[in-house]
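Note sheet for the following structure.
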Amino acid sequence: MLVFHFQKDGPSLYPMRSSSVGHLAINPGRSLKSQSQICWKNPTDAGKSTTDPPHPHTHTYIHAHTHTTHTHTHIGMTSSKIEMPGEVKSDPAALMASLQLMPAPVPNPEIKYTKIFINNEWQDSVSGKVFPTYNPATGEQIIEVQEADKADVDKAVQAARLAFSLGSVWRTMDASERGRLLSKLADLVERDSVYLATIESLNSGKPFLPTLFVDLQGTIKTLRYFAGYADKIHGSTIPMDGQFLTFTRYEPIGVCGQIIPWNFPLMMTAWKLGPALACGNTIVLKPAEQTPLTCLYIAALIKEAGFPPGVVNILPGFGPTAGAAMAAHKGIDKVAFTGSTEVGKVIQETAGKTNLKRVTLELGGKSPNIIFADSDLDLAVEQAHQGVFFNAGQCCTAGSRIYVEEPIYDEFVKRSVERAKRKIVGSPFDPTTEQGPQISREQQNRVLEFVQSGISEGAKLECGGKALGLKGFYVEPTVFSNVTDDMRIAREEIFGPVQQIMKFKTIEEVIERANNSDYGLAAAVFTNDINKAITVSTAMQAGTVWINCYNAMSSQCPFGGYKMSGNGRELGEIGLKEYSEVKTITMKMVTKNS
Amino acid sequence: MYTALVSRVLPRFSVLSGRHFSAAAIPAPNTQPEVHYNKLFINNEWHDAVSGKTFPTINPTTGEIICHVAEADRADVEKAVKAAQNAFKLGSPWRRMDASHRGLLLSRLADAIERDAAYLAELETLDNGKPYAVSYSVDIPNVVKCLRYYAGWADKWEGKTIPIDGNFFCYTRHEPIGVCGQIIPWNFPLLMQAWKLGPALATGNTVVMKVAEQTPLTALYVASLIKEVGFPEGVVNILSGMGPTAGAAIASHMDIDKVAFTGSTEVGHLIQQASGSSNLKKVTLELGGKSPNIILSDANLEDAVEQSHFALFFNQGQCCCAGSRTFVQADIYDEFVERSVVRANRRVVGNPFDLKTEQGPQIDEEQFNKILGYIGSGKREGAKLMCGGGVAADKGYFIQPTVFGNVQDNMTIAQEEIFGPVMQILKFETLEEVVSRANDTKYGLAAAVFTKDIDKAHYVSNTLRAGTVWVNCYDVFGAQAPFGGYKASGNGRELGEYGLDNYTEVKTVKRSEWFPQDISLIVLNHL
């Protein structure tokens, strides 16, 4: 999830006052910047490549880390455009000054928590087993973490059930107090955001600054948003026929199993915790085995904020063991999973076989991004680039099928290739880095295998296509043109920095082709014609459609998939529904009056 | 559970209390808190009155002057409205701010008030006379909760998309109304400020607030916190001044888009008239009451006596929702009156800074004299004075807790709002009778019924013409639950999601010709 904008008058922790970091790009060649080249507080070489001055009304988008800053003006509609007195604008010297203010990662961060979090206590795994977690930028082990399995899931479910029992502290707590605890948790995440962003970067390979500005802000805002909902989950009174008083109550479902992925470890934790806790559920949460560290730190903050023991339990472990145990557990009332469609099917099947637990799924995608000839080409190229390359291509929403209208196809491909070639791949801790490594060797190999299939099926490799660097799991930004709908790279989710560009002629044709997919997570359309925009957006079989923007997401707006991209919605008011049971209470009355 | 918990800890304060502030946790007050702010707050700056005038604010416990405060009049209202208009103009920081950030500012304001809770409670007690234990454990926590509640609404106040007929795309936006005038009373100075600011700011309005001339001090301190937490200048402007001058200027101002008033029904009439004769500004009113409290003979008597006592005497009787017509079923009437008198005689009246004090002084000499006048009329018209009825101290504005028995519906004390510690107990025989008598009033703010019979409880609660009905409890408030009056008790509702309506203009946007005929067919095929 990519809340691409953040506020200029936000907390002092985020002193970036301008979008102008976009002009840091200085390395058009394709080499991997090593960490030794980093100079955090001395960005003197930055800005040299500034060719066009930043637009005076640009906004602090995180993809301002890219080059064509002026294009962002057009998507300012999703941003808060707060003019603050004395704001840094387009003066290059001021840009440098603002860069000096950039927060730096914590040097040599200490990893404090590696155990299983049950009942607000740190526990070793029942089996005594541990597993290593890696730094994908180097391939080196960071630390070993306790490995939860079925026995640990049993313990956690027991704790969660106890915390949910009638009369418990959690069940008798005022809804507003639940909100207060979530709000405190948000404050604590905000307090420790530089540390958390550092660990997130270290463990997932995503660049530090986007992590701080996108992931951490998204995490904090999501927790605050759902904090506010805790005492606003209204039932209704219903004017039913006859002499009755009927009303509904939104009650928590009970113990919720939550299984989250490695691409946005912190934000996915917040997306899951926020609505579940606002509604009053208790939780057994399994972070991805690739990225357990920040989630475990959140566990410590949950305790510090004052959540009662057992309300949230966090178990690092693997899908086939701990994850499967959760999906099959009869003491778990609901399971929410974010990850691959393949595993999503297993989860749903398991729920069917066991206790019919409620299932919500947020799965894969192969999202179409439709570019009409009348669109603002600069904007479309940049957004389409960000749409697929953001987070090293590891987004379920990635706009990985780019349909470009015939008259502008060649120009669009040319500019997209130029843009991809300019992309800075490097150490996540280099402030100029746009793209870090893939999460693991396995993912890296998978992406490279997709690239090979593209070549062998006849797509034209315009740039990239290879692994990068001697260590770490890097893949070059890769662009394919002349892609046809039947190729594997046009049908399957690659989850890597690989852009597929297809050609279309008519609106009817592109709607048909865009919808011809098992997936239905997101879609986008770029056009200046309001009729085309509405026609395409209403015709897309997708949970989210962006018009002249991409990945513009925010806690207030629901997100989820049509078809095999999932089940249910996260975020927004509707996100609360997925964590509530509605109870209808009907009472006999002696009289009736309106 | 919560109700039970709090009423055990603080039986006198019922469930108005907050859980963070148990009786044991009340810190010893500083009885002479320093006054930091006594000027007008406009554009996040402190201003003297244009006229240079000031007025004294009085400590009702002693009748002595605390300090002088700048007195706003028409010219100052003019300045404040300009500031609020400027803060509301298109492209301003406030208009362009993310809704979630408006919420964050409100949340920070709640945090700042919580931080300064003890000081604010001291100042409230000094200026208003309410017992410090109540200021600290009821008023302040509810202020904090109210602001936090509306902080959460800021980015959740959603418009709709609407499937209208034809090839149109239709949606609504919830937009702020604009510059809101808010005139608040002296009985809960801080709490009424929060009730007004919370929804107005969550929805993105700007505010010109006039605080009651009796109690300007805490509101002005909160103004400093509004600046501290980072609200842009001009978003909230706070004026101390008198109703007939500053208040009237707000009500008739052509550039104020909405006025919200809490106070007497008499002044409420004037406000609505002023709106009609000026710019038809939207008006919401939260006015007086003469709320019936109905005790059926099957009720838990001990609880009903205590709750009825609390319903009337809380805050020195200075509550718009005071249960000031206590209807008791005939077979328990005598027993109820007897126990109510015992309870009233036990009520501790005294120095509001003493933690044992249940009842402080009335707000000022005018109210003090008015209440004594009502007590006189009750005696003259034949009600039976069971206890109290006189002045309770040789200085300040203290009145003895007073109970009248044998009160008839046509007596002045059964019809008019006394706003003092004077309880009227009336007798009834049947349910139908009491509902009809309870509804026979121009007011309709609140009501209560005490019974163990679920059918009777439903019957009474569904038939009473009142904005709030309590069953087996009284004065139970939560920021989540709407509050407001039927009939002459007001217009509109405060608190809850409903409270946002009063500060919102709904804009319906209909876009035509978004679907040329040929393309709409395609769309339909895919929908």
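Letters A, B, ... mirror the listed sequences (proteins, then strands); counts begin at 1.
- Counting non-hydrogen atoms of neighbouring residues, nucleotides and ligands closer than 6.0 angstrom, the CZ atom of B/Arg173 reaches no more than 12 such neighbours.
- No part of A/Lys592 comes within reach of chain B, as not one of its non-hydrogen atoms sits under 4.5 angstrom from that chain.
- Between B/Asn462 and A/Met589 the shortest side-chain heavy-atom distance falls below 4.5 Å.
- Within the model, atoms OH of B/Tyr150 and NZ of A/Lys232 stand 9.0 Å from one another, a figure rounded to the nearest 0.5 Å.
- Within a 6.0 Å radius of NZ in A/Lys563, other residues, nucleotides and ligands contribute more than 12 heavy atoms.
- Enclosure of atom NZ in B/Lys160 is not indicated, since only 12 or fewer non-hydrogen atoms of other residues, nucleotides or ligands lie within 6.0 angstrom.
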### Message
Please evaluate residues A/Asp174 and B/Lys145 with respect to the criterion side chain to side chain contact (heavy atoms under 4.5 Å, CB included), reporting the C-alpha separation (whole Å), side-chain torsions for both, the decisive distance (0.1 Å), and the verdict.
### Response
CA-CA 12 Å; A/Asp174 282 342; B/Lys145 284 183 168 201; 4.2 Å; yes

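- B/Arg108 CZ: more than 12 foreign heavy atoms inside a 6.0 Å radius.
- Note that NE2 of B/His458 and CZ of A/Phe244 are 12.0 Å apart. Values are rounded to the nearest 0.5 Å.
- Atom NE2 of residue B/His101 and atom NZ of residue A/Lys221 lie 8.5 Å apart, to the nearest 0.5 angstrom.
- Under a 3.5 Å cut-off, the side chain of B/Lys156 and the backbone N or O of A/Tyr225 do form a donor-acceptor pair.
- Heavy-atom distances place the side chain of A/Asp187, and not its backbone, under 4.5 Å from chain B.
- The shortest distance between side-chain heavy atoms of A/Met587 and B/Ile454 falls below 4.5 Å.
- No side-chain heavy atom of A/Arg224 sits under 4.5 Å from any side-chain heavy atom of B/Ser100.
- The minimum heavy-atom distance between A/Glu573 and B/Glu158, with the atom names listed, is OE1-OE1, 3.7 Å.
- Side-chain contact between B/Glu497 and A/His234 is present, with heavy atoms from C-beta onward closer than 4.5 Å.
- The contact between B/Asp111 and chain A is made entirely by side chain atoms (from C-beta outward), counting heavy-atom distances below 4.5 Å.
- The aromatic rings of A/Tyr229 and B/Trp153 sit perpendicular to each other, their planes meeting at more than 60°, with 30° as the lower class boundary.
- For the atom pair B/Arg148 CZ and A/Ser176 OG, the distance stands at 9.5 Å (nearest 0.5 Å).
- With a 4.5 angstrom heavy-atom cutoff, A/Asp231 touches chain B via backbone and side-chain atoms both.
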